[in-house]
Amino acid sequence: MSGQMDHANLFDDARTRLVEVCQAIEIQGDARERLMQPSLSLQVSVPVRMDDGSLKVFPGWRIQYNTTLGPAKGGIRFHPDVSQEEVTTLSFWMAVKCAVVDLPYGGGKGGVKVDPKKLSKLELERLARGYIRAIADVMGPERDIPAPDVNTNATVMGWMADEFDHLARGKVPAAITGKPPELGGSLGRVAATGRGALHVLDLWAAREKRKPEETRVAVQGFGNAAYHFARLAYEQGYRIVAVSDSKGAIYSQDGLDPDAIKEQKERNRRLHDMVYCDDSVCVAEDVEKIDRDELLTLEVDVLALAALEDQIHEENVDEVRAGALLEIANGPVSSRADERLEERGIPVLPDVLANTGGVIVSYYEWVQNRSGERWSEEDINQRLAQRLERQSELVFKRAEREEISYRRAAYRQGIERIAHAIELRGNCQDSE
Ligand code: NAD
């Protein structure tokens, strides 16, 4: 897509926001210096014995952006476009995000440059285990706790946790979150990002006196985060009028049923190959196939972005006709595009607040693993809702009080917390 940034610019773009916030809330000196670059960047090579006997070596990274508030926390991405700059940017966003929702964590992220669709299941497992062996020295429950991200899931986390246990010669479940519940994972983790995004949307909609039944939502992406968001939003009465995947999009004015789409997608793999209505499943009566990126320009009440970063940029921002944006993906709107949306008065519920459900429930998993407790799904969902309500209210009120966007308010809340902690640590720190 033209107008998108390369990854080197992605990090500059993220730092632009940081500089702006530091100026606005008068953060200078040590804290500002510390926050301008990651505290640790580890590049690794992951050799994998392929099924045909050959050896392939995949480049990977683990970045810890800042660990002032606690151990680094963040997912591991397997994707052919992964680069050090992208992982660094994602780790910076994790640091801000954890601080926005008041978690005792810093920010981290990992990635391997690989197309996982081209690997067999066993090759994927060897890659996951090899990656953990490569980064084991910098991870652990008190140092850096990985989790799933794009193209990694609970199964992959299970393999990784098992590999870490082997290296540690014992059970260390708190070293990785997003594990299957049988291996110490938390109930509610799989749906947590989508559920959290819906809470933030609900809280905003309530302030705007907007009812779910009157709200038409288009969702970019149909992976883990998007599906659970769409499913829960649909159950609550929101009208999901469009969804997309990397190959195409579908639209229905009357609204789509996300569970029926999932069932179809599991059979046909691509949205565009679907049979929309047959004897067993009906996605909607009047489904239309549309171009993948046409979804971004639909006239809807809410455009939920749940695919990848940098989807709304300088080139396409003026074509956006949604009433509001919900960022479920990390960094789906570039900072230039964000300014333009602000000028146009289109509110954006920002990633550093709206997609924190996953890391919040990861935190609950870590707490359960460390205390040896198991909480019920109901308990977890309730804690998630309460935390998001508290922290979102602070962001919404700050935005109102200081007459700034929700994103600026969330960044101020997060960066202020990190900067304050950096100052409290004293003047002679020489690490992290
Ligand atoms: P996923 O791999 O399960 O899904 C990604 C989806 O995006 C797929 O359906 C893919 O087909 C689609 N996609 C890719 N490019 C697209 C394009 N150009 N247009 C439309 N669709 C496209 O990943 P996920 O776990 O759902 O994560 C999605 C986003 O949410 C990422 O930015 C991730 O960092 C962020 N996120 C995820 C979690 C989580 O817990 N899963 C937590 C926080 C943030």
Side-chain angles (χ1 to χ4, degrees), residues 73-76 97-98 100-105 141 145-150 152-162 171-203 205-206 212 217 219 221-238 240 257-263 266 304 306 326 328 353-393:
K73 185 88 193 79
I76 297 165
K97 197 192 294 192
C98 290
V100 169
V101 289
D102 204 20
L103 297 177
Y105 286 143
I145 309 133
D149 191 65
V150 174
T152 56
N153 56 18
T155 307
V156 177
M157 294 307 114
W159 298 330
M160 290 182 168
D162 184 64
K171 292 283 173 201
V172 198
I176 289 181
T177 61
K179 303 178 292 295
E182 296 81 353
L183 297 178
S186 180
L187 298 175
R189 173 62 182 87
V190 175
T193 302
R195 187 181 292 280
L198 179 61
H199 280 314
V200 174
L201 177 62
D202 273 345
L203 291 163
V217 185
V219 185
F222 202 67
N224 175 278
Y227 161 67
H228 287 288
F229 165 75
R231 170 181 70 85
L232 294 163
Y234 174 82
E235 279 169 17
Q236 212 155 296
Y238 287 92
I240 309 295
D257 174 353
D259 270 324
I261 298 174
K262 182 156 189 268
E263 214 183 306
E266 271 160 13
L326 174 70
I328 303 177
L353 177 67
N355 74 17
T356 53
V359 72
I360 292 173
V361 175
S362 269
Y363 165 63
Y364 297 152
E365 181 172 333
W366 180 76
V367 173
Q368 290 172 80
N369 291 157
R370 284 160 68 98
S371 63
E373 287 178 37
R374 275 191 189 274
W375 302 346
S376 70
E377 189 160 356
E378 201 186 352
D379 189 8
I380 286 157
N381 290 344
Q382 204 177 349
R383 286 173 193 255
L384 172 65
Q386 280 168 355
R387 180 176 290 264
L388 276 173
E389 195 174 324
R390 231 175 11 250
Q391 301 304 330
S392 302
E393 280 306 313

Taking the side chain as everything from C-beta on, heavy atoms only, tell me whether [X] gets closer than 4.5 Å to [Y].
| X | Y | value |
| --- | --- | --- |
| V359 | C98 | yes |
| R195 | V361 | no |
| D259 | R231 | yes |
| R387 | L103 | yes |

Who passes ring-ring contact (aromatic ring centres under 6.0 Å, His included) against Y364, sequence neighbours left out?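 W375.
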
Partner residues of Y363 under the ring-ring contact (aromatic ring centres under 6.0 Å, His included) criterion, sequence neighbours left out: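 Here the qualifying residues are Y105.
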
Heavy-atom closest pair, residues [X] and [Y]:
| X | Y | result |
| --- | --- | --- |
| P146 | A175 | CD-O, 3.2 Å |
| I328 | A197 | CG1-CB, 3.8 Å |
| S362 | A147 | OG-CB, 4.2 Å |
| P141 | V172 | CG-CG1, 3.5 Å |
| V200 | A354 | CG2-CA, 4.0 Å |
| A226 | V219 | CB-CG1, 3.9 Å |

Intermediate values then yes/no, side chain to side chain contact (heavy atoms under 4.5 Å, CB included), V100 and T356: CA-CA 9 Å; V100 169; T356 53; 5.6 Å; no

Show the numbers, then the answer: is there a side chain to side chain contact (heavy atoms under 4.5 Å, CB included) between W159 and I176? CA-CA 10 Å; W159 298 330; I176 289 181; over 6 Å; no

Please, which pairs that meet salt bridge (charged side-chain N to carboxylate O under 4.0 Å, His left out) have at least one residue in residues 355-374, sequence neighbours excluded?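 For residues 355-374: E142-R370, K179-E365.
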
With sequence neighbours excluded, give me every salt bridge (charged side-chain N to carboxylate O under 4.0 Å, His left out) pair touching residues 221-230.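 Sorted result for residues 221-230: empty, none.
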
Rounded distance (nearest 0.5 Å) linking atom [atom1] of [X] with atom [atom2] of [Y]:
| X | Y | atom1 | atom2 | answer |
| --- | --- | --- | --- | --- |
| K262 | D257 | NZ | CG | 12.5 Å |
| I380 | R189 | CD1 | CZ | 11.5 Å |
| L201 | Q236 | CG | CD | 8.5 Å |
| L203 | R390 | CG | CZ | 12.5 Å |
| H199 | N381 | NE2 | CG | 6.5 Å |
| L388 | R383 | CG | CZ | 14.0 Å |

Excluding sequence neighbours, so at least two apart, what forms side-chain hydrogen bond (donor to acceptor under 3.5 Å, both in side chains) with N153?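 side-chain hydrogen bond (donor to acceptor under 3.5 Å, both in side chains) list for N153, sorted by chain: empty.
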
Begin with the C-alpha distance, continue with both residues' side-chain angles, and end with the deciding distance and a verdict on side chain to side chain contact (heavy atoms under 4.5 Å, CB included) for N355 and K97. CA-CA 9 Å; N355 74 17; K97 197 192 294 192; 2.8 Å; yes

Trace of the side chain to side chain contact (heavy atoms under 4.5 Å, CB included) decision for T193 with H228: CA-CA 8 Å; T193 302; H228 287 288; over 6 Å; no

Between side-chain atoms of residues 181-188 and protein atoms elsewhere (two or more places apart, or another chain), which donor-acceptor pairs fall under 3.5 Å?
from	atom 1	to	atom 2	distance (Å)
S186	OG	Q368	NE2	3.0

